[in-house]
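Have a look at the structure below, then the notes.
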Amino acid sequence: MPELWIMALAAVAVITGTTLQRVSGAGVGLVVSPVFVLLFGGAAGVMASNMTTLISASVLLVAVRREVNWSKAGKILAGAFPGAMIGALCVLWLPSAWLAIVIGCIVLAAVLVTRFTPELPHWDNGAALGMTSVIAGAFNTTAGVAAPALIVYSRLSRWDMHEMRATFQPLFLGMAIMSLVFKSALGATGFAEPPVWILLVVPIPVLLGLLLGTKLAARVTKERAQQLSLTLAGVGGVGAIGRGVLGLMGAGA
């Protein structure tokens, strides 16, 4: 049984991420992934984040299914398939300490790109969609953060905000399934440190976050919600890098 403070911190991360996802369309991966990596280690933390995303996106999808662009979702998921496979191989080959550092760097880079990318030119074609799909699939499997790549694409393509937020949910759900399946098949699950209890603990914080997010959606702007999620993700990314560095120092001692 995990220590109570670990369970509490994990629950807070899930509630925060799910609330932000309900308000802005994304947030679970950005907030939960670096926190779980900090708590459980690289591979196990991303696995726990994928499990959380699977649950939260499934519940949210029920509410927004009529607004989803299913055609675009299908194309992105098809492109994410090879990216997810590449990501699973990275998780398999990288030692836990290095994986934590890589994940932390990916999260921080994603935060910087999402936060400081200026107004982008209009670019909406097959090449943009294909590149986005592969990168999102690889990042989701490796680090549990597909949202930044999708957000950049949404800016390039001038994607309608309401449709984008809804379509993100089947994308997150599908990519989480890919990630779990590929890493399980390759033996890259990281269950040397198994947060198996996550499956029992996560559903309640997810529901609480969705309820809170529904109430806040009319009061909190998307921009403020995104700023908070990026700030929390940045802190978590730094923590993940710190954990990896400490792991390397311990291994070299």
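Below, each value reflects all heavy atoms present in this structure, side chains not excepted, and no hydrogens, waters or symmetry copies. Predicted model, so just to flag it, every value in this text is computed and none were measured.
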Exercise for the section: Go through the steps for Thr16 and Val35 under the test side-chain contact (heavy atoms from CB on, under 4.5 Å), then give the verdict. Expected result: CA-CA 11 Å; Thr16 303; Val35 173; over 6 Å; no
In a table with atom names and distances, give each donor-acceptor pair under 3.5 Å that connects a side chain of residues 55-64 to protein atoms at least two apart or in another chain.
| unit_1 | atom_1 | unit_2 | atom_2 | d |
| --- | --- | --- | --- | --- |
| Ser56 | OG | Thr52 | O | 3.2 |
| Ser56 | OG | Thr53 | O | 3.2 |
| Ser58 | OG | Leu54 | O | 2.6 |

Exercise for the section: Please answer whether the main-chain N or O of Ser179 pairs with a side-chain N or O of Asn50 as donor and acceptor at a distance below 3.5 Å. Expected result: no
Handout entry: Side chain Thr167, main chain Asn69, donor-acceptor under 3.5 Å
Key =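 At least one qualifying donor-acceptor pair exists.
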Exercise for the section: Tell me, please, which residues at least two apart from Thr18 pass side-chain hydrogen bond (donor to acceptor under 3.5 Å, both in side chains). Expected result: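 By the side-chain hydrogen bond (donor to acceptor under 3.5 Å, both in side chains) rule, Thr18 matches no residue at all.
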Practice task
Linking directly or through intermediates, with side-chain heavy atoms under 4.5 Å: list the remaining ILVMFWY members grouped with Ile204, chain and number order.
Solution key: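 Traced through the cluster, Ile204 reaches Ile15, Leu208.
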Practice task
Could you please spell out the steps behind the side-chain contact (heavy atoms from CB on, under 4.5 Å) verdict for Leu39 and Leu9?
Solution key: CA-CA 9 Å; Leu39 292 176; Leu9 188 55; 3.7 Å; yes
Shortest non-hydrogen contact from [X] to [Y]?
X	Y	answer
Pro82	Gly79	CD-O, 3.2 Å
Ala176	Asn140	N-ND2, 3.7 Å
Val31	Gly17	CB-CA, 4.1 Å

Quick one: side chains of residues 129-139, donor-acceptor pairs under 3.5 Å with protein atoms, not counting sequence neighbours, listed by atom name and distance.
| unit_1 | atom_1 | unit_2 | atom_2 | d |
| --- | --- | --- | --- | --- |
| Thr132 | OG1 | Ala128 | O | 2.8 |
| Ser133 | OG | Ile76 | O | 3.4 |
| Ser133 | OG | Leu129 | O | 2.7 |

Rounded to the nearest 0.5 Å, what separation is found between the [atom1] atom of [X] and the [atom2] atom of [Y]?
X	Y	atom1	atom2	value
Leu207	Leu212	CG	CG	12.5 Å
Thr141	Met178	OG1	CE	8.5 Å
Met164	Gln169	CE	CD	9.5 Å
Gln21	Arg165	CD	CZ	11.5 Å
Arg22	Leu210	CZ	CG	7.5 Å
Arg65	Trp70	CZ	CH2	9.5 Å

Practice task
Taking side chain to side chain contact (heavy atoms under 4.5 Å, CB included) as the test, write out the residues that go with Ala11, two or more places apart.
Solution key: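 Applying side chain to side chain contact (heavy atoms under 4.5 Å, CB included) to Ala11 gives Pro205.
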Handout entry: Test side chain to side chain contact (heavy atoms under 4.5 Å, CB included) applied to Glu67 - qualifying residues, sequence neighbours left out
Key = His162, Ala166
Problem - More than 12 heavy atoms of other groups within 6.0 Å of Lys72 NZ - result: yes
Could you see if [X] belongs to whatever hydrophobic cluster contains [Y]? Use Ile, Leu, Val, Met, Phe, Trp, Tyr and a side-chain cutoff under 4.5 Å.
X	Y	value
Leu216	Val12	no
Leu92	Ile86	no
Val202	Leu211	no

Please tell me if the side chains of [X] and [Y] come closer than 4.5 Å, counting only heavy atoms from C-beta onward.
X	Y	result
Trp93	Trp98	no
Val28	Phe172	no
Val14	Phe36	yes

Handout entry: Residues Val245, Ile101; criterion side-chain contact (heavy atoms from CB on, under 4.5 Å); working and verdict
Key = CA-CA 7 Å; Val245 171; Ile101 293 172; 4.1 Å; yes
